[in-house]
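Following: one structure in structure tokens, then a few remarks.
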Amino acid sequence: MAGMYSDKVMDHFANPRNVGQLPDADAVGEVGNPKCGDIMRMYLKIDGGVITDVKFQTFGCGAAIATSSMATTLVKGRTIDDALKLTNKAVVEALDGLPPAKVHCSVLAEQAIKAALADYYRRRGVDPEPIVGKLEEPHHDHGEGCAL
Ligand code: FES
């Protein structure tokens, strides 16, 4: 399997950054991947519009772990606006690419960050949809197809 993946993907898979929970998170987002049923949860600590800390947990494949790990390093210390602009494509590029069959896994990280930011606005009584956009509903149905 290693040959299919870049060194950066293997590094973030073997040593994922920012794994875990933030008990005092200001925002939590959970999303499911409709293609495989995997789940991602993202915790954010936000201070003055800046993401000061981030942690993630996933019930997902190696590519999901690697992309989430990379995504957390890309949003940590950045503003909410920057985090909202983070696309799964940018995360995949930062990892020097993913095999085409695994690109859908990278969507989980992008969506989880957006879901967490939506939660942040919701907690403050602000409708997140005009800011964050429409998110897919969490999908908890663990079906076939998740190849670890
Ligand atoms: Fe489920 Fe990658 S996220 S196969």
Side-chain angles (χ1 to χ4, degrees), residues 1-46 50-123 128-129 131-148:
M1 145 185 147
M4 285 167 62
Y5 292 103
S6 73
D7 290 347
K8 279 192 191 164
V9 172
M10 292 309 291
D11 176 36
H12 279 262
F13 168 60
N15 303 293
R17 324 303 198 260
N18 305 308
V19 173
Q21 305 182 30
L22 289 175
D24 57 346
D26 297 304
V28 182
E30 184 177 306
V31 291
N33 190 326
K35 291 217 174 173
C36 62
D38 288 352
I39 293 172
M40 173 83 50
R41 199 176 293 150
M42 196 67 77
Y43 300 82
L44 302 177
K45 199 76 196 131
I46 297 173
V50 173
I51 296 171
T52 55
D53 205 359
V54 49
K55 292 245 189 292
F56 80 92
Q57 292 179 306
T58 186
F59 196 123
C61 69
I65 294 168
T67 47
S68 306
S69 168
M70 179 54 94
T72 60
T73 68
L74 293 174
V75 298
K76 192 165 173 176
R78 310 296 293 270
T79 63
I80 291 176
D81 287 351
D82 284 344
L84 284 171
K85 281 185 218 129
L86 183 74
T87 60
N88 75 303
K89 197 164 166 277
V91 177
V92 171
E93 274 166 18
L95 285 167
D96 296 334
L98 274 178
K102 300 304 278 179
V103 168
H104 76 94
C105 310
S106 66
V107 178
L108 216 48
E110 179 200 307
Q111 292 282 306
I113 289 170
K114 293 208 165 104
L117 292 171
D119 180 50
Y120 175 73
Y121 285 115
R122 235 178 269 120
R123 289 187 194 198
E129 207 172 298
I131 306 163
V132 178
K134 206 159 167 49
L135 291 164
E136 287 171 34
E137 288 299 310
H139 176 96
H140 288 268
D141 194 19
H142 281 258
E144 30 155 10
C146 188
L148 248 165

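As the structure is a computational prediction, the values presented were derived from the model and not from experiment. Each ligand, and each atom within it, is numbered from 1 in the order the structure gives. Numbering starts at 1 and runs along the sequence shown.
A donor-acceptor pair shorter than 3.5 Å can be found between the side chains of T72 and N18.
The distance from atom 2 (Fe) of ligand 1 to the nearest N/O/S atom of H104 is not under 2.8 Å.
Heavy atoms of K102 found under 4.0 angstrom from ligand 1 belong exclusively to the side chain.
Counting atoms of ligand 1 from 1 in the listed order, those under 4.0 Å from a heavy atom of C61 are 2 (Fe), 3 (S), 4 (S). Distances below 4.0 Å separate heavy atoms of A64 from the following atoms of ligand 1: 3 (S).
The OD2 atom of D38 and the SG atom of C36 meet at atom 1 (Fe) of ligand 1 at an angle of about 110°, given to 10°.
Annotation for C105 and N33: closest pair CA-ND2, 3.9 Å, computed over non-hydrogen atoms.
Taking OH of Y43 as the start and CG of L22 as the end, the distance is 8.0 Å to the nearest 0.5 Å.
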_Stepwise side chain to side chain contact (heavy atoms under 4.5 Å, CB included) check, M40 with E30_ = CA-CA 6 Å; M40 173 83 50; E30 184 177 306; over 6 Å; no
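Using a cutoff of 4.0 Å between basic side-chain nitrogens and carboxylate oxygens, R123 and D119 are scored as salt-bridged.
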